[in-house]
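As structure tokens, the structure follows; a few thoughts come after it.
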Amino acid sequence: MKLHILGTASGLPELNKHHSAVMINYENKNILIDAGEGISQQLLKYNYDKNYIDDIIITHFHPDHVSGVFLLLQMLYLQGRKKELRIFIPEKCDVFLNTVELFYLFPKKFKFKLSVLPIVQLAKFHPEIIIIANAHLEKYKNIPHQIHHSYENYSIYLETKKKILYTSDIPDFSSLQDYWSKTDLIILDALHPDSKDIKKHICETNARVILNHGVPKEFKNEKFEKADETKPIIF
């Protein structure tokens, strides 16, 4: 298994950082989780082949997790990709495809088949991947808007020889309790949950933890007494 974190920035752009994107290779599968701004440059920088990605999983529709996918599609089209690409998204497949065409990207012209599927169908293709719903987007329910959203947001749990939890954006840890203690590697949103709750959960897990998406200032000089000190925290 190989894991390559290609983007770590929060919603606020930062110099020298790209937005959320994680590439995972296992059992001859190559899956990109999230495709924030800068993903195309990162793929070029690390010399990924145009046909490398099998599937893309978008955890939710905040721009820092999805905005790079449109330029990525343009790049793959111009590069002459031929292998089918599946994109699993949390909601509104028809609106997503309309947005692709809004940018003058027409899948009928692609040399590869583009399939946009609801993320709830992911298990049909990858039974080893579990999607975990959380309430990150529910704070928007009381804001007047014209598009009817379903407010879907997911963490991703991959269970093969190694167990990996990519939390994506989470408001708290309530949705992750069934997975927290049985994971080998956690890529943790360190921006949105309460920092004291983050510290508590880090200290309770034996997993290696990568703090992602922004690190609270008070953690810079923090010492964590983890249950297993052989699996350090990575900032």
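The structure displayed is predicted, hence computed values, not measured ones. Scope of the values below: all heavy atoms of this structure, side chains included, with no hydrogens, waters or symmetry mates.
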Atom NZ of Lys83: over 12 foreign heavy atoms under 6.0 Å: yes

Applying side-chain contact (heavy atoms from CB on, under 4.5 Å) between Val69 and each of Leu32, Val100, Ile89, Ile87, report the one that passes. Ile87

Does the side chain of Leu43 come within less than 4.5 Å of Ile53's, by heavy atoms? yes

Can a side-chain donor-acceptor contact be found between His19 and Asp64 if the only test is distance below 3.5 angstrom? no

Verify the neighbour count for atom CD1 of Ile143: are there more than 12 heavy atoms of other residues, nucleotides or ligands below 6.0 Å? yes

Under 3.5 Å, is there a donor-acceptor pair linking the side chains of Asn30 and Tyr48? no

Taking side chain as C-beta onward, heavy atoms only, is Ile31 less than 4.5 Å from Tyr26? yes

Heavy-atom check, side chain of Glu128 versus side chain of Leu158, under 4.5 Å: yes

For Ile57 and Ile129, run side-chain contact (heavy atoms from CB on, under 4.5 Å): C-alpha distance rounded to whole Å, both residues' side-chain angles, the deciding distance at 0.1 Å, then the answer. CA-CA 11 Å; Ile57 302 170; Ile129 298 179; 4.2 Å; yes

Between His4 and Tyr46, is the gap from one ring center to the other below 6.0 Å? yes

Taking CD in Glu152 as the centre, count heavy atoms belonging to other residues, nucleotides or ligands within less than 6.0 Å. Is the count above 12? yes

Return yes if some donor-acceptor pair links the side-chain N/O of Gln79 with the main-chain N/O of Lys50 below 3.5 Å, else return no. no

Minimum-distance pair of heavy atoms, taken over all atoms of Ser67 and Gly36: OG-C, 4.3 Å

Does the side chain of Leu73 reach to within under 4.5 Å of the side chain of Phe103, using non-hydrogen atoms? no

Check Ser10 against His213 and note the closest heavy-atom contact, atom names and distance. CB-O, 3.4 Å

Please examine the side chains of Phe125 and Leu117, heavy atoms only from C-beta on, and report whether any two atoms are closer than 4.5 Å. yes

Looking at every non-hydrogen atom in both residues, tell me the closest pair between Val116 and Cys93 and how far apart they are. O-SG, 3.9 Å

Indicate the ring-plane relationship of His65 and His60, choosing parallel, tilted or perpendicular according to the 30° and 60° boundaries. tilted

Answer yes or no: does atom NZ of Lys139 have more than 12 heavy-atom neighbours from other residues, nucleotides or ligands under 6.0 Å? yes

Parallel, tilted or perpendicular: ring planes of His201 versus Phe173, cut at 30 and 60 degrees: parallel

Show your working on side-chain contact (heavy atoms from CB on, under 4.5 Å) between Leu137 and His149 and close with a plain yes or no. CA-CA 10 Å; Leu137 297 179; His149 286 290; over 6 Å; no

For Lys17 and Ala9, indicate whether the former's side chain and the latter's backbone hold a donor-acceptor pair under 3.5 Å. no

Does His148, at its NE2 atom, have more than 12 non-hydrogen atoms belonging to other residues, nucleotides or ligands within less than 6.0 Å? no

I'd like to know whether CG of Asn47 has more than 12 heavy-atom contacts from other residues, nucleotides or ligands below 6.0 angstrom. no

Do you know which of Thr167, Asp169, Asn153 makes side-chain hydrogen bond (donor to acceptor under 3.5 Å, both in side chains) with Asn134? Asn153

Is Asp54 reaching over with its side chain to a backbone N or O of Lys29, donor-acceptor style, under 3.5 angstrom? no

Please tell me if the side chains of Arg86 and His126 come closer than 4.5 Å, counting only heavy atoms from C-beta onward. yes

Could you go through the side-chain contact (heavy atoms from CB on, under 4.5 Å) check for Ile156 and Ile132 one step at a time? CA-CA 6 Å; Ile156 304 295; Ile132 308 165; over 6 Å; no

Is there a side-chain contact (heavy atoms from CB on, under 4.5 Å) between Lys162 and Leu3 once you walk through the steps? CA-CA 11 Å; Lys162 294 289 185 180; Leu3 184 145; over 6 Å; no

What about Phe110 and Phe112, are their ring centers closer than 6.0 Å? yes

Taking the six-membered ring for Trp and the full ring for Phe, Tyr or His, determine whether the centres of Phe96 and Phe70 are under 6.0 Å apart. yes

Which atom pair, heavy atoms only, marks the closest approach of Tyr157 to Thr183? CE1-OG1, 3.3 Å

Is there side-chain contact between Leu44 and Gln41, with heavy atoms separated by less than 4.5 Å? no

Ignoring hydrogens and geometry, is there a side-chain-to-backbone donor-acceptor pair from Asp172 to Asp194 under 3.5 Å? no

Counting neighbours of NZ on Lys182 that are heavy atoms of other residues, nucleotides or ligands and sit closer than 6.0 Å, is the number greater than 12? yes

Tell me if the CD1 atom of Ile147 is crowded by more than 12 foreign heavy atoms within 6.0 Å. no

Say whether Asp189 and His136, considering side chains only, have a donor N or O and an acceptor N or O under 3.5 Å apart. no

